[in-house]
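As structure tokens, the structure follows; a few thoughts come after it.
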Amino acid sequence: MTAETLLASLHIVTPELILAVGALALLMIGVFTARAALVSALAVILMLVAALVILLSPAEGLAFGGAYIADGYAHFMKVLALLGSIVTLLMASGLAKANNLDKFEFPVLVVLATLGILLMISANSLISLYLALELQSLALYVVAAINRDSLRSTEAGLKYFVLGALSSGMLLYGMSLVYGFTGNVEFGKIASVLSAEHVNLGLIFGLVFVLAGLAFKISAVPFHMWTPDVYEGAPTPVTAFLAAAPKVGAMAITVRIVIEAFQPVHGQWQQIVVFIAIASMVLGSVAAIGQRNIKRLMAYSSIGHMGYALVGLAAGSQTGIEGLLIYMAIYLVMNLGSFACILSMRTAEGETLETVDDLAGLSQTNPFMAFVLTALMFSLAGIPPLAGFFGKYFVFLAAIEAKLYALAVIGVLASVIGAYYYLRVVKVMWFDESKVQFARTSATLRAVFGLSGLFVIAYVLIGGPVGTAASAAAATLFR
């Protein structure tokens with residue numbers, strides 16, 4: 001690599017460079033000042049700068065010999081991931097001491113995890129994908145177990161680590177099979193080999209293992225088993241982070257690898273994605289019905305929503321990917337708003353409340369929060385004319401266009417079943433007698449769930465730019 005190509009590559013990876021250098025600087029600031037609040041504020045500014053660079057001066061092209069790609073699709077998903085990381089850090093800042101997160105390492109780990117997510121979104125080869133995935137995962141393992149005084153948090157981190165290591169092994173084994181049968185690690189070259197040659201059974205095994213490893217990262221069935229325990233055990237701000245940015249990154253690379261590397265074997269991977277989508281939608285809808293802990297309920301909700309998003313991928317068309325991108329944008333906002341409400345479930349004495357029954361009578365004690373959470377629950381259930389309805393509408397429409405009628409019908413039925421547990425939350429808030437008085441909600445949390453509620457309610461009026469951006473991003477994968 002010459003100096004010119006190295007400089008060109010560094011220019012293309014400017015957002016990641018900002019986060020990488022910034023994380024090292026934040027580590028030094030934290031070590032010498034031990035001021036967690038300062039490091040957290042600087043981390044938010046750092047990620048905001050990276051997002052502005054992507055929005056205002058996006059560079060496109062290949063870097064580092066084709067291992068990294070920057071295009072419209074990557075920019076769209078990176079902005080979503082950065083938004084998720086920024087908002088979760090802002091939500092965590094006011095509750096850091098209560099959740100034992102008042103350590104400068106926490107924002108640094110969030111920045112490093114976000115760096116891994118951005119690199120994963122732009123990965124254009126199996127090697128860069130694996131390195132980015134491990135950078136993200138190692139930071140997330142530590143973040144999940146960061147509250148060392150809590151047995152639940154430690155247990156959550158250990159479960160996440162053990163099962164994450166298993167999924168990484170499966171992913172790596174699949175990659176070795178793909179490399180062995182194609183002789184290439186770059187996505188474009190893999191696709192060229194698959195187009196020119198007869199596909200053998202060994203390669204299909206490799207594809208299955210790769211998709212299994214990625215399915216773990218988006219907590220899709222049957223690799224979802226870590227999600228409820230980790231969501232419940234991790235500190236709530238960490239759970240909010242796990243449900244947001246990492247899901248965007250994992251879904252982004254899943255789409256890229258099947259569309260760019262395995263498009264010639266569309267018939268084979270479509271069967272796998274259809275199965276995972278159906279299993280995730282059904283289990284996410286049914287298993288959440290008996291949950292009393294709201295964080296576990298949101299874990300099963302997340303599993304179900306990843307299934308709905310995968311319906312767009314199963315279609316394998318530009319319309320399907322466009323629907324998936326819109327779905328992920330809406331999902332991110334709904335999730336952040338819901339977790340802002342969950343973080344507000346605290347007594348005046350500082351006790352954290354986590355059960356659905358703790359929301360009883362919220363409409364009398366905090367009408368604004370009850371109204372917003374009701375809108376978010378209706379949106380998560382896919383009730384029109386809220387944002388969640390449009391997310392499901394676009395992915396189901398793509399499935400119908402691709403003649404995947406059974407998938408679309410099962411998705412609609414699962415959505416109807418899933419509406420039950422969302423409506424149960426609404427019923428508890430509006431019709432049950434109040435049991436506990438929540439402490440005053442911080443301005444940051446009120447702003448987050450207020451803006452999220454405005455987005456889901458007014459999406460029918462303001463959703464145009466989101467759809468336009470998603471359409472342009474999806475088009476870059478089908479040039």
Side-chain angles (χ1 to χ4, degrees), residues 81 84 88 113 117 133 136-147 150 152-168 170-171 211-254 273 275-310 327-328 331-332 334-336 338-339 342-343 354-356 380 414 417-418 421-422 425:
T88 46
I117 292 166
L133 190 72
Q136 171 212 288
S137 298
L138 289 171
L140 292 180
Y141 299 150
V142 180
V143 166
I146 198 165
N147 185 2
S150 167
R152 289 200 311 168
S153 178
T154 307
E155 182 185 348
L158 186 60
K159 283 180 178 176
Y160 193 20
F161 171 69
V162 171
L163 293 171
L166 174 65
S167 76
S168 292
M170 293 170 70
L171 181 68
L211 289 178
L214 293 174
F216 175 90
K217 301 302 177 184
I218 58 173
S219 60
V221 177
F223 307 100
H224 65 286
M225 64 289 289
W226 62 273
T227 315
D229 292 335
V230 174
Y231 271 43
E232 182 184 8
T236 307
V238 174
T239 305
F241 178 60
L242 292 172
K247 292 287 176 68
V248 172
M251 186 61 78
I253 192 58
T254 304
V273 174
F275 168 76
I276 292 174
I278 290 173
S280 300
M281 290 187 294
V282 172
L283 182 129
S285 297
V286 175
I289 290 174
Q291 300 302 321
R292 310 309 299 179
N293 184 292
I294 196 161
K295 286 164 70 177
R296 288 185 75 87
L297 187 145
M298 290 302 293
Y300 284 108
S301 169
S302 173
I303 293 166
H305 282 286
M306 290 301 103
Y308 295 122
L310 286 171
Y327 198 98
M328 291 306 295
Y331 164 81
L332 182 75
M334 293 190 300
N335 236 39
L336 291 173
S338 300
F339 274 101
I342 293 169
L343 282 163
E354 292 184 356
T355 68
V356 173
L380 285 164
I417 296 168
Y421 59 83
Y422 295 121
V425 175

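Keep in mind that what you see is a predicted model, and the values were worked out from it rather than measured.
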Nearest atoms (heavy-atom pairs only) where [X] meets [Y]:
X	Y	answer
A156	D229	CB-O, 4.1 Å
I146	P235	CG2-CG, 4.5 Å
G307	A277	O-CB, 3.6 Å
I218	M306	O-CG, 3.1 Å
N335	A243	ND2-CB, 2.9 Å
S301	Y421	CA-OH, 3.7 Å

N/O donor to acceptor pairs below 3.5 angstrom from side-chain atoms of residues 283-295, sequence neighbours left out:
residue	atom	partner	partner atom	Å
S285	OG	M281	O	2.8
S285	OG	A414	O	2.7
Q291	OE1	R296	NE	3.2
Q291	NE2	A287	O	3.3
R292	NH2	D357	OD1	3.1
N293	OD1	K295	N	2.8
N293	OD1	R296	N	3.2
N293	ND2	E354	OE1	3.2
K295	NZ	E232	O	3.2
K295	NZ	A234	O	2.8
K295	NZ	T236	OG1	3.3
K295	NZ	E354	OE2	3.4

Listed partners of [X] passing ring-ring contact (aromatic ring centres under 6.0 Å, His included), at least two apart:
X	result
F216	W226
Y422	none
Y331	H305

Distance, nearest 0.5 Å, that separates [atom1] of [X] from [atom2] of [Y]:
X	Y	atom1	atom2	result
I278	L310	CD1	CG	11.0 Å
L163	S219	CG	OG	12.0 Å
M328	L332	CE	CG	7.5 Å
L336	L343	CG	CG	10.5 Å

Are [X] and [Y] side-chain neighbours, meaning at least one heavy-atom pair lies under 4.5 Å?
X	Y	answer
T227	I303	yes
F161	V142	no
I276	V221	no
Y141	S137	yes
P237	T88	no

Side chain to side chain donor-acceptor pair (under 3.5 Å) partners for S167, two or more places apart |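 For S167 there are no side chain to side chain donor-acceptor pair (under 3.5 Å) partners, ignoring immediate neighbours.
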Can you say whether the rings of Y327 and Y308 are parallel (under 30°), tilted (30 to 60°) or perpendicular (over 60°)?
->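 Plane angle between 30° and 60°, so tilted.
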Quick note, salt bridge (charged side-chain N to carboxylate O under 4.0 Å, His left out) partners involving residues 213-225, not counting sequence neighbours, are none
Residue pairs involving residues 239-254 (criterion salt bridge (charged side-chain N to carboxylate O under 4.0 Å, His left out); sequence neighbours excluded) | none
Has the side chain of T239 got a donor or acceptor atom that lies under 3.5 Å from a matching backbone atom of Y231?
->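 The answer is yes, because a donor-acceptor pair under 3.5 Å joins these two groups.
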